[in-house]
Amino acid sequence: MPVEFLGIAATGDGSETNPRTTASFDRDYTLRLARAHEDHGWDRVLFAYGSGAPEPAAAAAFLASHLDRLQILLAHRPNVSYPTFAAKTFATLDRISDGRLTVHFITGGTDHEQQREGDFLTKDQRYARTREYIGIVKKAWTSREPFDHEGPHYRFHDFVSDVFPVQQPRPAVSFGGSSDAAYAAGGAEADIYCLWGEPLARTAEQIERVKEAAQAAGRSDLPRIQVAFRPIIAPTEELAWEKAHRTVAAIRARRENGELAPRRRPAAATPENTGSQRLIEIAEAGERYDRALWTPTAAATGGAGNSNALVGTPETVAQALLDYYDLGVDILSARGYDLLDDAIDFGRYVIPIVREEVAKRDAARAAEAAAAAERAERDRHQLIAVQA
């Protein structure tokens, strides 16, 4: 199966290790970073969502109008707009990008962050709302006739859009989460299910939970699986591990100085979302897993989002990613701590190795399938001859 790479479409140059030197939305930096992804083998970039951050749909439209190939993953929280309005926004953006849009629906992992923009539902209520919201957006994308909706969270009559996506029947829907409610909602609605990087065994368990949820929802297809990491690469293993320890030291220093606090929960608080709880639990159980997974970066941020690292040479990190590909992961999300330089290095040195090895695996599987078909045909002819 083909493999895809997802990077980050940051609108400023700051990260957990480096204070921002640009404006929060810097046109030149946004375009420069995106071009680095497009020129170095990445497939798409994520426009993330934060309560005080630049509005991602507008930033994505800016990018789409300047680049021709790079695909866009747009994060969206259902609490910030009515679903019919959102559907038109997404369809318009898919038109601007000529069919390069995927929408990532975020239910919201912390009450504090949701309440910053007036969302006071409980977590379970948010998941129910998200599921209803996605259903409405999908229908607005595809229905050429007016329709009504009467649901627990939304009610409207006689809506029909006059703008439809380029992609038919609709753009893909992306979703993430590690709770039972997340599996149920995403298993029912998602085309792509997103996970944070965990050890291989735990990732395999999560993939199985997603499959079970999709089957329980009556689906005949299954969501594609995406897994996210923070790669730390260098020419040698020794240099990579030195870089990894410098990275964690920088994160800890910025957190202790309060530089990371404005965008995250207080340092002493326990994470509310299951995904972050899992990352902390994994970090507490050990620092290193499998071929290259390293957890101190997650521990240093308190399990904040995509934060487990893959550490090593490009060859080591590529082989670690292939281990996840072999589990059934076909979208690999990666974001370094020096956003621009790390995107270039990862594209130059890691992506080609993974693509080459995936091509070899696909060719071997195709050859095995052809051989199996040939044997089956031969056995059929032999059976016919015996019966004759």
Side-chain angles (χ1 to χ4, degrees), residues 1-9 34-47 64 67-74 94 97-104 165-176 186-187 189-197 200 203-204 206-208 210-211 214 219-229 231 291 306 310 314-315 317-335 343-373:
M1 60 184 174
V3 64
E4 297 182 7
F5 289 90
L6 169 69
I8 190 69
R35 281 185 173 145
H37 283 85
E38 185 170 79
D39 292 344
H40 291 88
W42 297 79
D43 296 286
R44 60 167 60 89
V45 288
L46 166 67
F47 279 91
L67 299 180
D68 298 324
R69 299 188 309 276
L70 196 64
Q71 299 176 51
I72 293 165
L73 178 59
L74 177 69
D94 199 54
S97 67
D98 196 23
R100 288 180 282 147
L101 177 69
T102 298
V103 182
H104 180 67
V166 170
Q167 299 177 78
Q168 292 299 312
R170 58 172 177 79
V173 165
S174 171
F175 189 89
E189 298 292 348
D191 302 298
I192 299 169
Y193 201 99
C194 307
L195 304 170
W196 289 332
L200 290 164
T203 300
Q206 286 198 287
I207 292 173
E208 190 59 33
V210 173
K211 290 179 178 178
R219 293 178 58 172
S220 58
D221 63 331
L222 296 174
R224 299 173 65 192
I225 302 296
Q226 172 185 306
V227 178
F229 302 97
R291 194 186 300 267
N306 170 25
L310 292 176
E315 293 77 10
V317 170
Q319 291 301 322
L321 292 169
L322 287 161
D323 292 337
Y324 288 89
Y325 175 83
D326 290 338
L327 288 182
V329 177
D330 66 342
I331 302 176
L332 299 169
S333 175
R335 171 165 55 101
I344 293 171
D345 286 347
F346 188 88
R348 281 178 175 167
Y349 304 119
V350 178
I351 289 178
I353 298 173
V354 176
R355 291 201 192 280
E356 181 179 356
E357 290 300 319
V358 165
K360 290 178 182 177
R361 283 164 164 76
D362 289 347
R365 291 191 186 103
E368 290 174 4

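- Between the CG atom of L327 and the OG1 atom of T203 there is a distance of 6.5 Å, given to the nearest 0.5 Å.
- Residues passing the salt bridge (charged side-chain N to carboxylate O under 4.0 Å, His left out) test with D345, sequence neighbours excluded: none.
- To the nearest 0.5 Å, the span separating CG on D68 from CZ on R100 amounts to 6.5 Å.
- Considering all non-hydrogen atoms of both residues, R35 and L67 come closest at CG-CD2, 3.4 Å.
- Separating the CG atom in L332 from the CD1 atom in I351 is a distance of 9.0 Å, to the nearest 0.5 Å.
- Across G176 and Y193, no two heavy atoms sit closer than the pair C-OH, 4.1 Å.
- Across all their heavy atoms, V227 and G197 have their closest contact at CG1-CA, 3.6 Å.
- No side-chain heavy atom of V173 sits under 4.5 Å from any side-chain heavy atom of V103.
- V210 approaches P223 most closely through the heavy-atom pair CG1-CG, 3.9 Å.
- With a 4.5 Å cut-off on side-chain heavy atoms, L321 and F229 count as touching.
- Remark: side-chain polar atoms of Q226 are not paired, donor with acceptor, to backbone N or O of S333 under 3.5 angstrom.
- Residues R361 and D330 are not paired through a salt bridge, judged by the lack of any N-O separation under 4.0 Å between the basic side chain and the carboxylate.
- For the atom pair C194 SG and L73 CG, the distance stands at 6.5 Å (nearest 0.5 Å).
- The shortest non-hydrogen separation linking V166 to D94 is N-OD2, 2.8 Å.
- Judged by distance alone, with hydrogens and angles left aside, the side-chain atoms of N306 form no donor-acceptor pair with the main-chain N or O of W196 at under 3.5 Å.
- Here the side chains of L6 and H104 are not in contact, with every heavy-atom distance at 4.5 Å or above.
- In this structure a side-chain-to-backbone donor-acceptor pair under 3.5 Å is present from R355 to V3.
- Closest of all the heavy-atom pairs between A64 and I72 is CB-CD1, 3.7 Å.
- V350 has its side chain within reach of P314: a pair of non-hydrogen atoms, C-beta onward, lies under 4.5 Å apart.
- Side chains of L200 and D326 form no contact here, defined as non-hydrogen atoms less than 4.5 Å apart.
- Here the side chains of I331 and R44 are in contact, with some heavy-atom distance below 4.5 Å.
- The existence of a salt bridge linking E357 and K360 is confirmed by a sub-4.0 Å separation between a basic side-chain nitrogen and an acidic carboxylate oxygen.
- In terms of the side chain to side chain contact (heavy atoms under 4.5 Å, CB included) criterion, residue partners of R348 (sequence neighbours excluded) are, by chain and number, H40, I344.
- Residues V354 and Y325 fail the side-chain proximity criterion, which asks for heavy atoms closer than 4.5 Å.
- Here the CD atom belonging to Q71 is positioned 6.0 Å from the CD atom belonging to E4, to the nearest 0.5 angstrom.
- How far CZ of R291 is from CG of D323: 4.0 Å, rounded to the nearest 0.5 Å.
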